[in-house]
Amino acid sequence: MYTGRVRQHEFKTLIYEKELDRIAGWVEEYPDLETGGDLFGFWTHSGAPVIQFVLGPGPNSQHNPTSFFQDKEHLIKAGEILRSKHGLQHIGEWHSHHQMGLAEPSQGDENTVFRALERYNFPRFLLGIANLRRRSESYRQRWTVNIGSFLFTSSRRNAQVGACVVLQGESPIRSNMRGSFRNHDPQLKKSWKVEKTTLETQPLVTTEPITISQGLWYATPKGQALLKEMYEKFTAKYGKCQMFRTPQEMMYFTLTIKKQQWQVEFPHDFPDSSPKLKVNSKYCEVKDWRGTYQQFEQIEACIDRSL
Ligand SMILES: [Zn+2]
């Protein structure tokens, strides 16, 4: 059961596919108890966590119905090797809420992380939360393991919700670490599900304030107001609307209308030039575009005509 609120993702977590297979494997080992471990890697310029190695539960870890305590010695040993051999840092933790139906950090989890941020003077910390859901018997896989990522920063009161960039295959660090220390390797399971994103998509809300180049239509207060108005009108009319930027700073919205994927792209000189609409990878422009007023209504009419 996914009880979390549907929220737009605010940051990206980069992780190798096979590290997700391992998390799913560990989580499936304890369908009624919490299990967990630690995340090692580094951070990108924009503050995105890059996971290079996922540590599972150590031999002396404690698994309870509503808590998990990592084997400290196991964590320290792994941390020392990963740091000295590969310069990796302890960037976060993960644990499973098994079948509790809580897809996000509990209040207790949040308190623990915020206290840790303060105590160790860390600017940010990543928390992975996994959930197990039983699938119907007809499936070959018994479970679905949902994995969410949450970013805690010392400057904000709430955790941010992440989406994953899944890197193919095995982490090179993992390949290199084989046999370096005793780490119980789980069965690799493909039962995981994450909210996916790509390296190219740029969520509007990032962990660092975004910079907007001079001269862009949404760099001015007037442009900002128009962008906000457009976003609010699209959300009101079509439900979930997501706002993105390309690396070239072009702003675009994505929408799902009658099960079709729509994209509304705003050119750099919007609203003078017409936005481009893309549906099922075909482009169309809004005919007889007038940039001075009722911009949303013109786009809306164009969308409605093609439905
Ligand atoms: Zn928890």
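Quantities reported herein were computed from a predicted structural model and do not represent experimental measurements. Both counts, for ligands and for their atoms, begin at 1 and track the order of listing.
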Would you call [X] and [Y] a salt bridge, taking side-chain N to carboxylate O under 4.0 Å as the test?
{"X": "Asp304", "Y": "Lys237", "result": "yes"}
{"X": "Glu17", "Y": "Lys190", "result": "yes"}
{"X": "Glu19", "Y": "Arg22", "result": "yes"}

### the Zn ion (ligand 1): protein N, O or S atoms that are less than 2.8 Å away, sorted by chain
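Result, waters dropped: His95 NE2, His97 NE2, Asp109 OD1, Asp109 OD2.
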### Residue pair Ser67 / Asn64, side-chain donor-acceptor N/O under 3.5 Å
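Yes, Asn64 and Ser67 have a side-chain donor paired with an acceptor closer than 3.5 Å.
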### Lys189 side chain reached by Trp26 side chain, heavy atoms, under 4.5 Å
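Answer no - side chains too far apart.
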### Query
Is there side-chain contact between Trp94 and Leu55, with at least one heavy-atom pair below 4.5 Å?
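Of all side-chain heavy-atom pairs linking Leu55 with Trp94, none is under 4.5 Å.
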